[in-house]
Protein chains: 2
Amino acid sequence: MSGKIKEKTCQFKLMAARDALEVIQGRWRFPIIIALSDGKKRFGELKREITEISPKMLSQELKSLETNKMITRSLLNTMPITVEYELTPLGTSSFKLLDELLEWGLHFREEIMRQ
Amino acid sequence: MSGKIKEKTCQFKLMAARDALEVIQGRWRFPIIIALSDGKKRFGELKREITEISPKMLSQELKSLETNKMITRSLLNTMPITVEYELTPLGTSSFKLLDELLEWGLHFREEIMRQ
DNA sequence: GTTATCTATTACCTATAGGTAACTAGTTTC
DNA sequence: GAAACTAGTTACCTATAGGTAATAGATAAC
């Protein structure tokens with residue numbers, strides 16, 4: 001049974017879960033957070049690492065993650081100009097959830113694949 | 001740092017995480033699974049419990065969860081006919097992930113709310 | 001002076017998610 | 001025979017997600 005959910009006044013908890021989903025869902029949020037998990041990276045580095053993402057989506061998703069205080073954006077006075085993105089403590093606090101997502105995803109694949 | 005992700009051959013793990021997201025994401029999957037967490041329920045019971053869901057969405061999401069082997073659908077020979085939905089072991093195996101989603105969601109709300 | 005690299009932005013398109021409202025078909029109660 | 005309950009289905013609409021391709025302005029390299 002689910003220990004923390006469903007002890008009455010469920011509405012508030014459903015809201016929390018919905019918020020969490022909103023932050024990590026979509027095609028690119030997860031890959032971006034993982035890419036930043038080993039330290040700050042520039043726009044172009046992220047673009048090269050997340051091979052299939054378009055500059056539009058990368059820019060858009062980075063803005064969204066910044067709005068949600070998951071990452072910070074630093075403009076550096078280099079020539080040419082470079083921009084560094086880095087996970088905040090809030091961003092890194094999602095690792096446990098992301099690991100759980102991965103682990104259950106593997107379990108799910110196994111179960112689904114063998115009929 | 002994220003222990004299980006990013007030990008190279010990341011593609012496969014990104015796929016697993018993406019699969020997991022696909023199963024639990026959307027507005028109604030999470031509430032439906034939670035509603036079924038304390039035992040089997042009929043269509044009408046779910047509809048009444050998840051107050052804002054429309055019959056179309058409930059029907060559609062139940063089908064999707066059944067396809068993903070998260071729940072079973074049993075037609076009962078009662079008059080009038082009733083249908084029972086119940087979590088499978090795969091369905092209940094998602095509780096740990098859902099709890100983590102809730103817990104991080106609460107943490108996220110706290111962090112976001114105080115500026 | 002043309003090309004490449006930096007970090008994006010803009011216009012345009014399609015597919016999907018999700019919502020509303022009405023309807024179906026059978027059974028049971030008033 | 002009208003209304004309500006059973007479990008859905010159907011048509012239609014809007015908003016969002018996400019994709020492609022072209023463009024922008026600054027600087028640096030050739």
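So that the names make sense, note that chain A is the first sequence line, chain B the second, and so on, each numbered from 1.
Across the interface with DNA chain D, nearest-nucleotide mapping of Tyr85(B) and Met57(A) shows Tyr85(B) to be the residue nearer the 5′ end. The residue among Pro80(A) and Gln60(A) whose nearest nucleotide of DNA chain C lies closer to the 5′ end is Pro80(A).
Counting to the nearest Å, the P atom of dG26(C) and the CD1 atom of Ile81(B) are 11 Å from each other. Between the CG atom of Leu46(A) and the P atom of dC6(C) there is a distance of 13 Å, rounded to whole Å. Between Lys63(A) atom NZ and dA8(C) atom P the separation is 8 Å, expressed in whole Å. Between the P atom of dC6(C) and the CZ atom of Arg42(A) lies a distance of 6 Å, rounded to the nearest Å.
Within 4.0 Å (heavy atoms only), Arg73(B) reaches sugar-phosphate atoms of the nucleic acid but no base atom. Here Thr82(B) lies in heavy-atom contact (under 4.0 Å) with sugar-phosphate atoms only. No contact: Arg29(A) has no heavy atom under 4.0 Å from any strand.
Within the 4.5 Å cutoff, no side-chain heavy atoms of Trp28(A) are placed close to those of Leu58(A).
The environment of NZ in Lys47(A) is crowded: more than 12 heavy-atom neighbours from other residues, nucleotides or ligands sit within 6.0 Å. For NZ of Lys69(A), the number of neighbouring non-hydrogen atoms (other residues, nucleotides, ligands) closer than 6.0 Å is greater than 12.
Closest approach of Leu14(A) to Pro31(B), counting heavy atoms only: CD2-CA, 4.1 Å.
Close approach of DNA chain D to chain B, defined as any atom under 4.0 Å from a non-hydrogen atom of the protein, starts and stops at dT6(D) to dA11(D).
Judged purely by atom type and a 3.5 angstrom limit, Ser94(A) uses its side chain to pair as donor or acceptor with the backbone of Gly91(A). A side-chain donor-acceptor contact under 3.5 Å links Thr92(B) to the backbone of Pro89(B).
The shortest distance between the side-chain N/O atoms of Arg48(A) and the OP1/OP2 oxygens of dC6(C) is below 4.0 Å.
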